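Below is one structure, written out as C-alpha cells, with a few remarks after it.
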Amino acid sequence: MSSRARIPFLKGHGTENDFVIVPDPENTLDLPVATVAALCDRRAGIGGDGLLHVVRSAAHPEAREMAAEAEWFMDYRNGDGSIAEMCGNGVRVFARYLQRAGHIGEGDLAVATRGGVKKVHIAKDGDVTVGMGRARLPEGDVTVSVGERSWSARNVNMGNPHAVAFVDDLAHAGNLYSAPPFSPAAAYPDGVNVEFVVDRGPGHVALRVHERGAGETRSCGTGACAVAVAAARRDGADPAVTGAPATYTVDVPGGTLVITERPDGEIEMTGPAVIVAEGEIDAEWLEKAAS
C-alpha cells in the first residue's frame with residue numbers, strides 16, 4: 001500500500017449493521033486479515049462490523065465466472081478480518097455506495113457475492129430490496145446455550161450458517177460478547193451466526209444476534225431471513241406448502257427489516273441503507289496498524 005499515499009473509504013450502515021467501504025474497482029489493494037481488523041477496530045481504526053471491498057467481478061479471481069451476470073463483486077470481510085460468504089445488510093449498503101458513486105441508478109442491479117449473484121432493487125423511497133436466494137434447512141437437532149439455559153434451535157443456511165432459537169426474553173441471550181456454545185459441533189464446522197428471537201405479534205418478531213467473527217451486531221440481514229424462515233415453519237406458514245408468500249416484520253436492535261419468502265422459495269429482504277461519511281485512509285498508519 002505504500003505506493004499510494006491515501007486510500008479512499010466510506011462508512012455506511014444498514015439498520016445500524018455498519019461497514020467500512022473500500023472502493024477498489026481493479027482489485028489493486030492487498031487486504032490481509034490484520035489490515036481489515038485494523039480498519040474495523042472501533043477505537044484505533046474507522047470501526048465497523050465488517051468491510052465491503054468493492055471490486056469489479058472481472059478483476060477478482062473468486063468472481064470472474066459471475067462477471068457476465070454482475071459487474072460488481074462484494075468481497076465481504078468480517079470485523080476480525082475473516083472472509084464471509086454473504087452479508088444481507090452489506091449488500092444493501094454496497095448497492096447504495098454504487099448508486100452514490102454514479103455506477104448505477106434507481107431500479108434493478110445484480111451483485112456478485114461468495115454466496116452467488118444477488119438481485120437488488122433500489123426504490124425511489126430509498127429502501128433497498130435484496131433477493132437473498134433460497135434457504136436450506138439441514139436436518140438434525142441443534143442446541144444453543146447461554147449460561148445454564150439451553151434451547152433447541154433451527155438450522156437454517158442462507159449461504160452462511162444460522163442457528164435460530166425462539167426464547168421468552170431477549171435478555172436471556174446474555175451479553176453475546178462471545179459465541180454461544182452449540183451442539184453438535186459437526187453441525188457448524190466453521191462456526192455459526194446465532195439468533196435469539198421473541199414474538200412481537202402476528203407476523204412480527206424481534207431478534208438479537210451473535211455474528212460469527214463480529215460478536216453481537218445491531219442487525220444481521222441473513223439472520224433476519226433465517227429467522228423469518230424458521231418462524232414460518234414454526235407457524236405452519238411454509239409458502240411451499242400453503243402456496244402463499246410469508247412476510248415477517250423483523251425488529252433488530254438497529255431498526256426494522258421486512259422479509260418475504262415466496263412459494264418458489266426465493267426470499268426478499270427490504271430495508272434502509274445509508275452512507276454516513278467518506279474520507280481517506282492514511283496508508284502509513286494502516287501499514288503500522290496492520291503489522
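Computed from a predicted model, the values in this text were never measured in an experiment. The chain is numbered in sequence order, starting from 1.
- Applying the side-chain contact (heavy atoms from CB on, under 4.5 Å) test between R212 and each of V192, N160, D80, V194 identifies N160 as the sole match.
- Within the 4.5 Å cutoff, the side chain of V146 has no heavy atoms near those of the H172 side chain.
- Looking at heavy atoms from C-beta onward, V54 lies in side-chain contact with Y97 at the 4.5 angstrom threshold.
- Comment: R134 engages E266 in a salt bridge, judged by a side-chain N to carboxylate O separation of less than 4.0 angstrom.
- At least one side-chain heavy atom of E211 sits less than 4.5 Å from a side-chain heavy atom of N17.
- A salt bridge links R42 to D18: one of the charged nitrogens lies within less than 4.0 Å of a carboxylate oxygen.
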Side chain to side chain donor-acceptor pair (under 3.5 Å) assessment of T28 paired with D24: CA-CA 7 Å; T28 61; D24 182 24; 3.0 Å; yes

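- No more than 12 heavy atoms of other residues, nucleotides or ligands lie within 6.0 Å of CG in D168, so this atom counts as exposed by the packing criterion.
- A salt bridge is absent between R43 and D41: the closest approach of a Lys/Arg side-chain nitrogen to an acidic carboxylate oxygen does not fall below 4.0 angstrom.
- Clustering ILVMFWY residues whenever any of their side-chain heavy atoms sit less than 4.5 angstrom apart, transitively, puts Y76 in the very cluster that holds I275.
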Hey, mind stepping through D49 and T217 against side chain to side chain donor-acceptor pair (under 3.5 Å) and telling me if it holds? CA-CA 7 Å; D49 292 322; T217 60; 4.9 Å; no

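- Using the six-membered ring where Trp is involved, F196 and W151 have ring planes that are perpendicular, over 60° apart on the 30 and 60° scheme.
- We find the CZ-OG distance between R92 and S219 to be 6.5 Å, quoted to the nearest 0.5 Å.
- Shown here is D235, whose CG atom has more than 12 heavy atoms of other residues, nucleotides or ligands within 6.0 Å.
- For the atom pair I259 CD1 and I267 CD1, the distance stands at 8.0 Å (nearest 0.5 Å).
- With contacts defined as side-chain heavy-atom distances shorter than 4.5 Å, the pair D169/V198 does not qualify.
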Working note: H204 + D251, criterion side chain to side chain donor-acceptor pair (under 3.5 Å); need CA distance, chi angles, decisive distance, verdict. CA-CA 8 Å; H204 189 180; D251 294 336; 2.7 Å; yes

